[in-house]
Amino acid sequence: VLCTEVLEHVADPVAALNEMARLLKPGGVLIVTAPFWSLTHFAPFHFATGFNRYFHEHHLERLGFEIVDLVPNGNFFECIGQEVRRIQFMAQQFSGKVAIPLESYAMQIVLAMAERLSAADGGSTEMLHFGCQVRAVKRRD
């Protein structure tokens, strides 16, 4: 079963996981990606974010899966960089304003800092990341 960037659009993601587990025979593979952090998208069908490793570990274990891979996408600094890059669009979209030259320069400094810190990151994915890629196998027992 492949479920990529869908769980946040399902009103009851745990029920969806339960159904995926029911459909898979022992030894079957489940591949799931879901955002840990995202802006609301595909509204009004966006019900949740925050699918961190603890969500996947708890529910997949409970449903009889062995997690083979659980890989976070991005890190805290990359998430911040992404949002700094969105400032111009968001400002125009929601305030009708744009950054003045000094503010644009400040954003470039913040982006350079985020890139430097991201390159040296040692675990900020625990605090913030884009989402997880999970591959799990349904146990045969």
Side-chain angles (χ1 to χ4, degrees), residues 1-140:
V1 173
L2 172 64
C3 178
T4 180
E5 305 304 305
V6 171
L7 289 180
E8 72 271 23
H9 300 291
V10 177
D12 189 345
V14 174
L17 285 178
N18 288 341
E19 182 64 8
M20 290 176 223
R22 186 187 71 77
L23 292 171
L24 275 173
K25 63 183 179 182
V29 177
L30 173 66
I31 298 173
V32 176
T33 67
F36 175 71
W37 182 43
S38 69
L39 298 179
T40 299
H41 57 284
F42 198 58
F45 302 102
H46 185 270
F47 299 101
T49 56
F51 296 101
N52 61 20
R53 74 179 195 148
Y54 304 110
F55 173 87
H56 296 293
E57 289 170 347
H58 172 77
H59 290 293
L60 294 178
E61 172 67 25
R62 175 183 64 78
L63 291 168
F65 285 93
E66 176 186 343
I67 294 176
V68 178
D69 298 305
L70 195 155
V71 181
N73 298 324
N75 61 43
F76 173 83
F77 305 106
E78 291 174 6
C79 291
I80 295 304
Q82 173 181 281
E83 296 314 308
V84 169
R85 286 182 194 91
R86 286 190 220 241
I87 289 174
Q88 286 284 40
F89 170 79
M90 298 296 280
Q92 285 181 302
Q93 185 78 15
F94 297 105
S95 74
K97 306 285 184 187
V98 296
I100 60 174
L102 183 60
E103 292 167 335
S104 293
Y105 182 66
M107 284 188 278
Q108 293 307 310
I109 292 170
V110 170
L111 286 171
M113 177 184 66
E115 184 175 346
R116 178 179 58 82
L117 296 173
S118 178
D121 186 71
S124 71
T125 57
E126 187 69 18
M127 300 300 296
L128 183 62
H129 62 275
F130 297 111
C132 293
Q133 298 173 16
V134 183
R135 183 170 55 108
V137 175
K138 192 166 183 184
R139 287 191 291 272
R140 295 185 186 273

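Hydrogens, waters and symmetry mates play no part in the numbers below; they use all other heavy atoms, side chains included.
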Of all heavy-atom pairs between [X] and [Y], which one has the smallest distance, and what is that distance?
{"X": "A99", "Y": "Q88", "value": "N-OE1, 3.0 Å"}
{"X": "D121", "Y": "G123", "value": "OD2-N, 3.2 Å"}
{"X": "F36", "Y": "L128", "value": "CE2-CA, 3.6 Å"}

Just so I know, are the side chains of [X] and [Y] near enough to count as touching, which here means a heavy-atom distance under 4.5 Å?
{"X": "C79", "Y": "Q82", "result": "no"}
{"X": "R53", "Y": "T125", "result": "no"}
{"X": "V84", "Y": "I80", "result": "yes"}
{"X": "F47", "Y": "V10", "result": "no"}
{"X": "E57", "Y": "E61", "result": "no"}
{"X": "M20", "Y": "L17", "result": "yes"}
{"X": "N18", "Y": "L63", "result": "yes"}
{"X": "E78", "Y": "H129", "result": "no"}

Rounded to the nearest 0.5 Å, how far does [atom2] of [Y] lie from [atom1] of [X]?
{"X": "H9", "Y": "H46", "atom1": "NE2", "atom2": "NE2", "answer": "5.5 Å"}
{"X": "E5", "Y": "L7", "atom1": "CD", "atom2": "CG", "answer": "9.0 Å"}
{"X": "L60", "Y": "R139", "atom1": "CG", "atom2": "CZ", "answer": "9.5 Å"}
{"X": "T33", "Y": "E8", "atom1": "OG1", "atom2": "CD", "answer": "8.0 Å"}
{"X": "I109", "Y": "M107", "atom1": "CD1", "atom2": "CE", "answer": "11.0 Å"}
{"X": "L70", "Y": "H56", "atom1": "CG", "atom2": "NE2", "answer": "6.5 Å"}

- Task: Give a yes-or-no answer on whether the side chains of N73 and Q133 include a donor-acceptor pair shorter than 3.5 Å.
- Result: yes

- Query: Do H59 and R62 have side-chain atoms, one donor and one acceptor, less than 3.5 Å apart?
  - Reply: yes

- Results of salt bridge (charged side-chain N to carboxylate O under 4.0 Å, His left out) for E66 - residues two or more places apart only: none

- Message: Taking salt bridge (charged side-chain N to carboxylate O under 4.0 Å, His left out) as the definition, give me every residue that meets it alongside R116, ordered by chain and number, with sequence neighbours left out.
- Response: none

Would you say the side-chain atoms of [X] pair up with the backbone N or O of [Y], donor to acceptor, closer than 3.5 Å?
{"X": "S118", "Y": "A114", "value": "no"}
{"X": "E103", "Y": "I100", "value": "yes"}
{"X": "K138", "Y": "G64", "value": "no"}

- What orientation do F51 and F55 show, parallel under 30°, tilted 30 to 60°, or perpendicular over 60°?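 Perpendicular, since the angle between the ring planes exceeds 60°.
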
- Query: Is the W37 ring parallel, tilted or perpendicular to the F130 ring (thresholds 30°, 60°)?
  - Reply: parallel

